[in-house]
Amino acid sequence: MVRWNGESREVNAPAKKLDLTLENGTSYRFTVEARNGFEADGGVSGASNESNSVRPYKKPAAPTSATITPGKCTGANSCPVKFAATANSGDGGAGNKTLQVRVNGGDWVDSGTSYSNTVEVKSGQAQSIEARVVTKPKNADGSTATMTSETLSVSRDAQTYTPPAPVSSINWGPHATLQGVCTGQFCRRVDIEITNLDPSKTYEMTIKTNPNPASPNDGGWWTKNNAPVTVNPDANGNYTTAAKSQFYYGYPDNTFTVYLDGKPLETHSYKPL
């Protein structure tokens with residue numbers, strides 16, 4: 001007769017083992033007593049000493065969740081991505097479960113039962129997270145086992161950065177003339193600024209005075225043969241003609257348009273003195 005935790009099971013000869021279905025995570029101790037066909041006449045031995053405590057277990061359940069949440073990019077190299085994982089499921093009876101997380105193929109990191117971290121990555125960059133649960137139960141012989149759940153894997157790309165469109169603006173100087181360029185009473189020095197440029201690129205700028213019905217011949221490009229002005233943005237994506245070009249404008253009844261790489265930006269009006 002085998003007894004354990006208030007239960008018992010008779011094992012008849014010549015059997016040498018007993019198969020049981022036990023509860024994972026519960027500790028058990030067993031005793032054995034021998035019986036023969038003369039049980040009524042005292043054919044029952046005393047119970048053996050209790051066995052050492054044993055606790056059955058299986059591998060833990062997989063993590064409850066693993067997610068990647070891309071956020072809005074603020075720059076080509078500044079796209080937030082939030083990684084998260086939770087392990088609220090069973091430990092397989094072994095106890096002391098640990099959630100392990102690996103981001104983008106890096107090292108596995110222990111993280112209790114939950115994980116959350118936000119990083120900045122490049123625009124559109126592929127991201128991945130893997131999550132698993134690990135337990136390290138003690139075996140009856142004192143050794144430590146390692147039980148690992150199924151791995152939950154998620155992949156997703158960061159959002160794509162869309163830079164703001166370039167914008168042109170005008171800084172108007174005082175009345176000024178330049179022989180062969182602008183000599184009238186309305187002539188003013190103008191500096192053109194462009195923002196929201198990619199610092200790693202070079203652009204071409206052209207400017208055109210737009211004719212109006214009263215002065216149809218006043219229109220035209222600002223540079224000879226419409227030769228473009230090379231635009232090299234600074235580290236912040238800004239450009240100004242102030243230090244490199246001399247532009248004058250003296251048509252109060254006309255507008256002029258700034259073009260970048262052949263595409264029109266803003267159209268500006270003359271600002272009276």
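The structure presented is a predicted model; accordingly, all values stated were derived computationally and were not measured.
- Residues S53 and S27 approach most closely at OG-CB, 3.4 Å, considering heavy atoms.
- If you chain together hydrophobic residues whose side chains sit under 4.5 Å apart, V32 and F30 fall into the same group.
- Nearest approach of K17 to V11, heavy atoms of both residues: O-CG1, 4.1 Å.
- The closest donor-acceptor contact from the side chain of N196 to the backbone of A165 lies under 3.5 Å.
- With a 4.5 Å cut-off on side-chain heavy atoms, T118 and V81 do not count as touching.
- Residue-environment remark: CG (N52) exceeds the threshold of 12 foreign heavy atoms within 6.0 Å.
- Under the 4.5 Å side-chain criterion, counting only non-hydrogen atoms from C-beta, Q159 is not in contact with S123.
- Put simply, the side chain of R189 never gets that close to the backbone of Y248: no donor and acceptor are under 3.5 Å apart.
- In terms of heavy atoms, S155 sits closest to S128 at OG-CB, 3.9 Å.
- Residues F247 and W172 fall within the same hydrophobic cluster, defined by Ile, Leu, Val, Met, Phe, Trp and Tyr side chains chained together at heavy-atom separations under 4.5 Å.
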- Message: salt bridge (charged side-chain N to carboxylate O under 4.0 Å, His left out), that's the test. Do E150 and R132 meet it? Break it down for me.
- Response: CA-CA 6 Å; E150 300 296 327; R132 67 188 184 188; over 6 Å; no
- Stepwise side chain to side chain contact (heavy atoms under 4.5 Å, CB included) check, L197 with L260: CA-CA 10 Å; L197 299 172; L260 194 67; 3.6 Å; yes
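- The shortest distance between side-chain heavy atoms of F186 and Y251 does not fall below 4.5 Å.
- Taking 4.5 Å as the limit, some side-chain heavy atom of L99 sits within range of a side-chain heavy atom of P63.
- N104 places a side-chain heavy atom less than 4.5 Å from the side chain of Q127.
- With 3.5 Å as the limit, one finds no donor-acceptor pair spanning the side chains of T183 and T177.
- Rounding to the nearest 0.5 Å gives a distance of 4.0 Å between CG of N210 and OG1 of T255.
- In this structure, CD in E120 is found 7.5 Å from SG in C79, a value given to the nearest 0.5 Å.
- Rounded to the nearest 0.5 Å, atoms CE (M205) and OG1 (T241) are 6.0 Å apart.
- Under a hydrophobic-cluster definition in which Ile, Leu, Val, Met, Phe, Trp and Tyr are linked whenever side-chain heavy atoms come within less than 4.5 Å, directly or via other members, V181 and V190 are assigned to different clusters.
- In this structure, OH on Y270 lies 11.5 Å from CG on N254, to the nearest 0.5 angstrom.
- By the side-chain contact (heavy atoms from CB on, under 4.5 Å) test, S114 pairs with T86, sequence neighbours left out.
- Linking Ile, Leu, Val, Met, Phe, Trp and Tyr whenever their side-chain heavy atoms come within less than 4.5 Å leaves V44 and M1 in two separate clusters.
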- Task: For the pair K97 and V134, evaluate side chain to side chain contact (heavy atoms under 4.5 Å, CB included) and give the outcome as yes or no after the intermediate values.
- Result: CA-CA 6 Å; K97 67 182 179 184; V134 174; over 6 Å; no
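- The main-chain N or O of S200 is found under 3.5 Å from a side-chain atom of D198 such that the two form a donor-acceptor pair.
- Here OG1 of T151 is found 4.5 Å from CH2 of W108. Values are rounded to the nearest 0.5 Å.
- Nearest heavy-atom pair across N236 and P199 is C-CG, 4.4 Å.
- A donor-acceptor contact under 3.5 angstrom links the side chains of T202 and N232, judged on distance only.
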- Message: For a side chain to side chain contact (heavy atoms under 4.5 Å, CB included) check, start with the C-alpha distance between I68 and K82, then their side-chain angles and the critical distance, and finish with the verdict.
- Response: CA-CA 6 Å; I68 298 175; K82 180 180 179 181; over 6 Å; no
- Item | Intermediate values then yes/no, side chain to side chain contact (heavy atoms under 4.5 Å, CB included), I170 and I192 | CA-CA 5 Å; I170 307 300; I192 299 172; 3.7 Å; yes
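- Nearest heavy-atom pair across S78 and P80 is O-CD, 3.7 Å.
- The two atoms that bring Q100 and D110 nearest to each other are NE2-OD1, 2.9 Å, heavy atoms only.
- Side-chain contact between Y203 and P233: present, with at least one pair of heavy atoms (C-beta onward) separated by less than 4.5 Å.
- Of the possible polar contacts, none joining the T135 side chain to the P137 backbone as a donor-acceptor pair under 3.5 Å is found.
- Classified by interplanar angle (parallel below 30°, tilted 30° to 60°, perpendicular above 60°), the ring pair F256/W222 is tilted.
- Distance alone, capped at 3.5 Å, places no donor-acceptor pair between the R156 side chain and the I129 backbone.
- In this structure, the separation between CZ on R102 and OG on S153 is 8.0 Å, given to the nearest 0.5 Å.
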- Message: Q125 vs D157, test: side chain to side chain donor-acceptor pair (under 3.5 Å). Steps then yes/no.
- Response: CA-CA 6 Å; Q125 191 175 53; D157 292 345; over 6 Å; no
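- No side-chain heavy atom of W4 sits under 4.5 Å from any side-chain heavy atom of R29.
- For the pair V231 and E204, the minimum side-chain heavy-atom distance is 4.5 Å or more.
- Without hydrogens or angle criteria, N212 side chain to D253 main chain gives a donor-acceptor distance under 3.5 Å.
- Residues V167 and Y259 do not share a hydrophobic cluster, clusters being chains of Ile/Leu/Val/Met/Phe/Trp/Tyr side chains in contact below 4.5 Å.
- With K136 as reference, T146 is the one residue of T98, T144, N96, T146 to meet the side chain to side chain donor-acceptor pair (under 3.5 Å) rule.
- Checked by atom type, the side-chain pair E266/S168 shows a donor-acceptor distance below 3.5 Å.
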